[in-house]
Every structure is written in structure tokens, then in C-alpha cells.
Novice: 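Mind looking over this structure? Questions follow.
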Amino acid sequence: MTAPRRWLLGLTVALLALALAVQALALLDATWGFTTDDAYISLRYARHLVAGEGLRWNVGEAPVEGYSNFSFVLAGAAALAAGFDPVLVLKLLGAASMLGVLLLLPAFEERGARAALGLAAGFLWLRYPWVPIWSASGFETATYALVALAALALAGGGADALERAEPARARRALALAGVLVLVAALTRPEGPLVGVAIAAGAVAEGVRRRPGTTDGRRAGWRRTWAIVAPVALVSAVPYALYLGWKRAWFGDLIPNSVRCKAIFDGDPWALLRDALPLIAWTLPLAALALAWKPDQRRVGLAAFAALSLAILHGADPILGHGNRHALAAYAALVALGVAGAAELAARALPRLGAPVRAAVLLVIAAALGLSALEPRLRLARQTAEAYSGREGARRELAAWLEARYDAEARFVLGDCGVLGYFTRARIVDALCLNSREMPRDPIRRDPEAFARFVFERPPEVVVLSSSRPDRLAPRPDYGVYPALARHPAFESQYRLGAIFGRPGDDLVYWTFERQAAVAGAVADPAAARSGAP
């Protein structure tokens, strides 16, 4: 390649790298106002931990694991202990993780063209508008993706070091991969699948590199063991200790949040069907990448994506808005798909040379990504605006409750992140995550059984989520709100206290107080809508 052509290719890559960085920051800025309610659930646990109450939802009650992101709970607790805004810390962690994924994607592409192909993968990953939205939300989506991909990349580097007969360097890379497998397992309940994916890549390495003789087979299995052993040794022992602590503290190895998500009587393919349009373009290219080079990196990526998507079968789709549980798998498939496209281009256009082919793929990916930028920015702004208004209504309701009731009061409500973080009272989670009783017998998420359970010891407040502000229209989520509204105890003992919501929003909080618990509640619903009865 001539020097002018090399200079032109380098300039193209540099300019598009700058364009990707500007695009990523613009998307994060547009969506920054969106903070998911789930982030505040984690922070209620973090607040109680810092206060010396331990990891529990309600002070004075048995612990329940209603979160699904232990590492984020600890990060929130550390922020609170240090005097920082924990919401800001979690949002910055997610945003930085999204940028980290963009920097990490080149590690899965072929040498000689990694920068260009990695940038191409970055443009394609960010093309899905919910990637930056969830990254800046305070949720662990992007952080989990970063940790998982980093572990897979380090495992690939360890396998390369073994190939170069550098065992010490290989052990260091694989041990660090084991550390990240542990972090992934502490960040998401399915995090151990990262270790399984590394093991799948190690088996592929052993099979790929052994001849058909007995000695060859033994050498292949030794290669597999040399990859798996450091990862397993570093990650398995501390993870076993963590599980032992979980069993002792919560009385259960399975998070209550997972039990809630797993109980779904509808279409078990709902989440996978939602994810299919997102991942469909990657599948044939990923298959080509695997067929042409089934090494540690590629098999690890494919196994991680397949396992991450497989566990979505039968899961409750109400908790998977915007494919948030599929975004780590999507990042892996994008990296694998770009590798497959590069392999295909190498066979179709061998005379162009790897840098030129990579630059062409980068230009195509950049055109696809930048052409869809305005709709993504618009969606990010609209999402941030809508959820900011909804969060404002929740904060107003929390302030109203906190002013009227002490920490011994009991509230029944759903969407309990903001409401839980900004109130001290004991909360019965109507949407299951933080309710130990709801996913288990005898309730098993039966709304009528849940209503009977609630009114066995009538709470001071019942908040019903309604789809209308002018009349009570209980939302159908899990059937709990209609069941609570029609229970005889509710009809006879409770009256409307206030209504909280934002104009145009179809989620409105009708707040009912038990008559024996409060005097002088507003009888006129129109007056109560002010939020100050």
C-alpha cells in the first residue's frame, strides 16, 4: 500500500472515530434525564445497608433479594457512604460502561484492521436507540455488557498467549478474565454464563488444535484445561462464598426478582420475538465467522449470546422493555457479525487488502448509524421527558406519604423504586419484586390470593395505578390492582386521599387511606387531585 493511500485510510478511520464519539456523547446527553425506577429499588437496599440495617427491603422484616444487580447496590452504598449523589454515580457508571464497550469491540476483530472493524461494530451497536437510553438510566445493562465482553476478550488473549508459548502471560490474562466473570456474576444473576461461554470457547480451542491421534487428543484437552482452570479457580471460590452468604442472609439462592420474572403464563417466546428484529441481521454473518474460524473469541461470543438469549424464553416481557436484557448479547453478536462480514469481504475481494476492506465496511456502518441519528436523538429526548415527568409525580407522592406517616406505616403499591427510596415506611410491593410472599405458595402471583394476603393485616395506604386521571381505571399489570380494588375490605375501609400524575400520562397514582388510620381525608376527588388533601 502506498503512503498516500495509507494516510487517507488512517484519516478516514480517525474522522469516523471522532464521529462515533460525538454521536455517543450526544445520545447520552439527550437521554440523561431518564432514570429507571429500578435504580431506586437498588438504592433503597443500599440506603439500609449504609444505615446498618443490612441488605433488606423493609427495616425490621426478613431480608428479601428484590434487586438483580448486587454490584450496583454496593456502588450505590459506597456513594451514599462517601456523601455523593448515588443516582448520579450509577448513571455515570452506566454511561462510562457504554463508552467502554465501544473501546472494547476492536478486541474481537482480526489484527491489521481492528480499529476500523471495531468502529464499524460500534456504529452498529449504537444504531439501536435503547442502548444509550438504558446505559444512562442507572440500570446495569451497559456495565454488564462491558464486564462480560472484557472477560471474553481476556480469555481470547490468554488463548493467543498459549499459542505463542507464553504461559505466564496467558495465566495472567485468564486469571483477570476470572475476576471479571466474578464481577459479571455479581452484576447480573445470569453472570456465571460468561464463564460457561469462556469454557465453550476453550473446548473449541482444544478441538480445533488437536490432531486425530491419542497424544493429539490429550494435547487438545490440556489446551482446554489450561484456559478453563485459571478462570474457574479465580471466579468459582469467591462466588461459592457469595452464594453461601446469600443462602444464609436471604434464605434462598435464587433472587426474588428472578422468581418473579420466571412466573409467566403467557407466550414464552415474547421476549425472544421482540429481540429477533434486533439480532436477525447478525445471525448469518455470525454463522460465517464461526464456520471460518471457531476460536476462543468467536465461540465465546457466540456461546455468550446464545445463552443470554436462551434464558429469555419464558421470562416475563413486562420487565424487558426496550430489549434491555438482550443488549449484552446484541453487543456480542454485533462484534461477531462484523467479523463475519470481514471474512466474507476477504473472500469476495481478496485484492483490496485487509485495511481497505475494513475501511469500506466502516464507511457502510457509519452511514447506517449516522443516517438514523436524528430519530434516535428524538426518542432519547422523548423518553427522558416522559419519565422525568413520571418521576416527578412519584416524588410528589413520596413526599405526601412521608409527611403523613411514620416509618411503622405499611403501604401497598407498585413502581416502588422512587416511592421506596424517598419514604421510610414498610412497602408491600404489588409488582412482586420485593415481596417474598408473592411468587411463592400459596399466592404464586394469583392476584386474588395477593389481595387476601394484603388485607389480612390492612395497610395504612393502598396506591392503585390507574390508566386515567378522571376516574379509577386500575391498570391490569399482573391483575393486582383490579383485585385490590374489588376486595370487600378495600371498598369498606378505604377512601381516596389524593391523586398524583402528569397531564397526558396513562400512569396515574390513586392513593387511598384506611379510614381508621387517618382523619379528615378529602372526600371530593376533584379537590384531591391537587395532591394536598
Novice: Does any donor atom in the side chain of Ser137 or Lys91 lie under 3.5 Å from an acceptor atom in the other side chain?
Specialist: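 The criterion, which ignores hydrogens and geometry beyond distance, is not satisfied for Lys91 and Ser137.
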Novice: Inspect the contact between Arg514 and Glu460 and indicate whether a charged nitrogen and a carboxylate oxygen are less than 4.0 angstrom apart.
Specialist: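 Yes, Glu460 and Arg514 are salt-bridged.
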Novice: Counting the benzene-type ring for Trp, do Tyr242 and Phe70 have ring centres under 6.0 Å apart?
Specialist: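 Here the rings of Phe70 and Tyr242 have centres that are less than 6.0 Å from each other.
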Novice: If the threshold is 4.0 Å, N to carboxylate O, is there a salt bridge linking Glu491 and Arg486?
Specialist: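 No, no charged N to carboxylate O under 4.0 Å.
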Novice: Thinking salt bridges, do Arg436 and Asp429 make one under a 4.0 Å N-O criterion?
Specialist: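 So Arg436 does not pair with Asp429 through a salt bridge.
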Novice: Let's go through Leu301 and Leu152 carefully: what are the C-alpha distance in whole Å and the side-chain angles of both, what is the deciding distance for side-chain contact (heavy atoms from CB on, under 4.5 Å) to 0.1 Å, and is it a yes or a no?
Specialist: CA-CA 7 Å; Leu301 286 172; Leu152 294 170; 4.1 Å; yes
Novice: Checking the side chain of Trp510 only, and the main-chain atoms of Arg468 only, is there a donor and an acceptor separated by less than 3.5 Å?
Specialist: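 Such a contact is found between Trp510 side chain and Arg468 backbone.
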Novice: If I compare all heavy atoms of Val454 with all of Arg410, which pair ends up nearest, and what's the gap?
Specialist: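 Shortest heavy-atom contact: O-NH1, 4.5 Å.
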Novice: Salt bridge or not for Glu456 and Arg452, using N-O below 4.0 Å?
Specialist: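 No, this pair does not count.
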Novice: Got a second to check how far Thr141's OG1 is from Tyr330's OH, nearest 0.5 Å?
Specialist: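 Answer rounded to 0.5 Å: 15.0 Å.
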Novice: May I ask you to test the Trp245-Phe250 pair for a side-chain heavy-atom distance under 4.5 Å?
Specialist: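 Of all side-chain heavy-atom pairs linking Phe250 with Trp245, at least one is under 4.5 Å.
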Novice: Output all residues satisfying side chain to side chain contact (heavy atoms under 4.5 Å, CB included) with Arg475, sequence neighbours left out; order by chain, then residue number.
Specialist: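 Ser465, Ser467, Asp477, Tyr481, Asp506, Leu507.
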Novice: More than 12 heavy atoms of other residues, nucleotides or ligands under 6.0 Å from CH2 of Trp269: yes or no?
Specialist: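 No, the 6.0 Å shell around CH2 holds no more than 12 heavy atoms from other groups.
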Novice: Does Glu513 come within less than 4.0 Å of Arg495, counting only side-chain N to carboxylate O?
Specialist: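 Salt bridge: no.
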Novice: Under 4.5 Å between any side-chain heavy atoms of Tyr478 and Asp316, yes or no?
Specialist: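 Yes, side chains in contact.
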Novice: Has Asp265 got more than 12 heavy atoms of other residues, nucleotides or ligands less than 6.0 Å from its CG?
Specialist: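 Atom CG in Asp265 is not crowded, with 12 or fewer foreign heavy atoms closer than 6.0 Å.
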Novice: Please tell me if the side chains of Leu464 and Val462 come closer than 4.5 Å, counting only heavy atoms from C-beta onward.
Specialist: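 Counting from C-beta outward, Leu464 and Val462 do come under 4.5 Å.
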Novice: Are Tyr144 and Phe72 close enough that their ring centers fall under 6.0 Å?
Specialist: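 No: the rings miss the under 6.0 Å criterion.
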Novice: When rounded to the nearest 0.5 angstrom, what is the spacing between CZ in Phe139 and CD1 in Ile133?
Specialist: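 Answer for the CZ-CD1 pair, Phe139 versus Ile133, is 14.0 Å.
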Novice: Atom OG1 of Thr423 and atom CG of Leu397: how far apart are they, to the nearest 0.5 Å?
Specialist: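 Taking OG1 in Thr423 and CG in Leu397, the distance rounds to 8.5 Å.
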Novice: Give the minimum heavy-atom separation between Ser97 and Thr143, together with the two atoms involved.
Specialist: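 Scanning both residues completely, I find the closest heavy atoms to be OG-OG1, 2.8 Å.
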Novice: Among residues at least two apart in sequence or on other chains, which ones pass side chain to side chain contact (heavy atoms under 4.5 Å, CB included) with Ala78?
Specialist: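 Side chain to side chain contact (heavy atoms under 4.5 Å, CB included) list for Ala78, sorted by chain: empty.
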Novice: Over all heavy atoms of both residues, which pair between Ala46 and Val73 is shortest? Give the atoms and the distance, please.
Specialist: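 For Ala46 versus Val73, the nearest heavy atoms are CB-O, 3.5 Å.
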Novice: Using modelled atom types only, decide if a donor and an acceptor are shared between the side chain of Thr31 and the backbone of Leu27 within a distance under 3.5 Å.
Specialist: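 Checking the backbone N and O of Leu27 against the side chain of Thr31, no donor-acceptor pair under 3.5 Å is found.
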Novice: Can a donor-acceptor pair be found, under 3.5 Å and without considering hydrogens, that links the side chain of Arg444 to the backbone of Pro439?
Specialist: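 Yes; at least one donor-acceptor contact below 3.5 Å.
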Novice: Listed by chain and number, what are the side chain to side chain donor-acceptor pair (under 3.5 Å) partners of Ser235, not counting sequence neighbours?
Specialist: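 In terms of side chain to side chain donor-acceptor pair (under 3.5 Å), with neighbours along the sequence ignored, Ser235 is linked to no residue.
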Novice: Rounded to the nearest 0.5 Å, what's the gap from CZ on Phe123 to CG on Leu373? Could you check?
Specialist: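 The CG atom of Leu373 is 10.0 Å from CZ of Phe123, to the nearest 0.5 Å.
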Novice: Short question: side chain of Asn256, backbone of Cys432 - any donor-acceptor pair under 3.5 Å?
Specialist: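 Yes; judged by distance alone, with no hydrogens or angles, the pair exists.
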Novice: Evaluate the criterion salt bridge (Lys or Arg N to Asp or Glu O under 4.0 Å) for residue pair Arg395 and Glu391; output intermediate values, then yes/no.
Specialist: CA-CA 6 Å; Arg395 284 178 179 252; Glu391 181 179 325; 3.1 Å; yes
Novice: Check this for me, if you would: do Arg424 and Asp406 make a salt bridge, where the nitrogen-to-carboxylate-oxygen distance has to be below 4.0 angstrom?
Specialist: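 A salt bridge is absent here (no side-chain N lies under 4.0 Å from a carboxylate O).
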Novice: I would like to know whether Arg394 and Asp415 meet side-chain contact (heavy atoms from CB on, under 4.5 Å); could you show each step before the answer?
Specialist: CA-CA 9 Å; Arg394 290 168 176 161; Asp415 303 313; 3.7 Å; yes
Novice: Is Thr511 close to Phe500 at the side-chain level, that is, under 4.5 Å between some pair of heavy atoms?
Specialist: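 Phe500 reaches Thr511 side chain to side chain.
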Novice: Show every donor-acceptor pair shorter than 3.5 Å between a side-chain atom in residues 124-131 and any protein atom, with sequence neighbours excluded, or say none if there are none.
Specialist:
from	atom 1	to	atom 2	distance (Å)
Arg127	NE	Leu368	O	2.8
Tyr128	OH	Gly322	O	3.3
Tyr128	OH	Asn323	ND2	3.0

Novice: Is Leu431 close to Cys416 at the side-chain level, that is, under 4.5 Å between some pair of heavy atoms?
Specialist: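 No. Closest side-chain heavy atoms not under 4.5 Å.
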Novice: Considering non-hydrogen atoms only, spot the tightest contact between Pro447 and Ala483 and give its length.
Specialist: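 Result for this residue pair: O-CB, 3.5 Å.
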Novice: Using a strict cut-off of less than 4.0 Å between a Lys/Arg side-chain nitrogen and an Asp/Glu carboxylate oxygen, indicate whether Asp252 and Arg247 qualify as a salt bridge.
Specialist: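 No.
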Novice: Determine whether Thr282 and Leu285 make a side-chain contact, defined as any pair of heavy atoms from C-beta on separated by less than 4.5 Å.
Specialist: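 Side chain of Thr282 against side chain of Leu285, heavy atoms only: no contact under 4.5 Å found.
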Novice: Report yes if the side chains of Leu74 and Leu186 come closer than 4.5 Å at any heavy-atom pair, otherwise no.
Specialist: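 With C-beta onward as the side chain, the pair stays apart.
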Novice: Using every non-hydrogen atom in the two residues, find where Leu43 and Gly76 come nearest and quote the distance to one decimal.
Specialist: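 In terms of heavy atoms, the two residues are closest at CD2-CA, 3.7 Å.
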Novice: Is there a donor-acceptor pair under 3.5 Å between the side chain of Ser466 and the backbone N or O of Ala473?
Specialist: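 Pair found, side chain donor or acceptor close to backbone of Ala473.
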Novice: Measure up the Phe422 and Tyr40 rings against each other and bin them: parallel (under 30°), tilted (30 to 60°), perpendicular (over 60°).
Specialist: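 Because their plane-to-plane angle lies in the 30° to 60° range, the rings of Phe422 and Tyr40 count as tilted.
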Novice: Does the pair Asp38 and Arg324 meet the rule for a salt bridge (Lys or Arg N to Asp or Glu O under 4.0 Å), with working shown?
Specialist: CA-CA 12 Å; Asp38 287 356; Arg324 68 182 186 181; 2.9 Å; yes
Novice: Apply side chain to side chain donor-acceptor pair (under 3.5 Å) to Arg273 and list each qualifying residue two or more places apart in sequence or on a separate chain.
Specialist: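 Only Asp267 meet the side chain to side chain donor-acceptor pair (under 3.5 Å) criterion with Arg273.
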Novice: Once you measure the plane-to-plane angle for Tyr405 and Phe411, does it fall in the parallel (<30°), tilted (30-60°) or perpendicular (>60°) bin?
Specialist: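 Ring orientation of Tyr405 relative to Phe411: perpendicular.
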Novice: Donor-acceptor check, side chain of Arg56 to backbone of Glu53, threshold 3.5 angstrom: yes or no?
Specialist: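 Confirmed, Arg56 side chain pairs with Glu53 backbone.
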Novice: What I want to find out is whether Arg502 reaches Glu396 closely enough, with some N-O distance under 4.0 Å, to be called a salt bridge.
Specialist: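 Here Arg502 pairs with Glu396 in a salt bridge, since their nearest N and O are under 4.0 Å apart.
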Novice: Taking all heavy atoms of Leu104 and all of Ala150, pick out the closest pair and write down the distance.
Specialist: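 Reported closest heavy-atom pair: CD2-N, 3.2 Å.
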Novice: Anything under 30° is parallel, anything over 60° is perpendicular, the rest tilted; go ahead and classify Phe453 against Phe450.
Specialist: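 The rings of Phe453 and Phe450 sit tilted, inter-plane angle from 30° to 60°.
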Novice: Please list all pairs meeting side-chain hydrogen bond (donor to acceptor under 3.5 Å, both in side chains) that have one or both residues in residues 59-74, counting only residues at least two apart or in different chains.
Specialist: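 Every pair satisfying side-chain hydrogen bond (donor to acceptor under 3.5 Å, both in side chains) with a residue in residues 59-74: Ser42-Asn69, Asn58-Glu61, Glu65-Lys246, Ser68-Arg188, Asn69-Glu140, Ser71-Thr187.
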Novice: What is the ring orientation for Trp57 with Tyr45, classed by angle as parallel under 30°, tilted 30 to 60°, or perpendicular over 60°?
Specialist: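 The arrangement is tilted - the two ring planes meet at 30° to 60°.
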Novice: With rounding to the nearest 0.5 Å, note down the distance linking CZ in Phe304 to CG in Leu333.
Specialist: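 Phe304 atom CZ to Leu333 atom CG measures 9.5 Å (nearest 0.5 Å).
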Novice: I'd like to check Tyr239 versus Pro192 (side-chain heavy atoms, cut-off strictly below 4.5 Å). Are they in contact?
Specialist: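 In short, these two side chains touch, coming nearer than 4.5 Å.
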Novice: Determine, step by step, whether Val234 and Val181 satisfy the side-chain contact (heavy atoms from CB on, under 4.5 Å) criterion, reporting the C-alpha distance in whole Å, the side-chain angles of both residues, the deciding distance to 0.1 Å, and the verdict.
Specialist: CA-CA 9 Å; Val234 170; Val181 168; over 6 Å; no
Novice: Working to the nearest 0.5 Å, report the span between CG of Leu327 and CE of Met98.
Specialist: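 Leu327 atom CG to Met98 atom CE measures 11.5 Å (nearest 0.5 Å).
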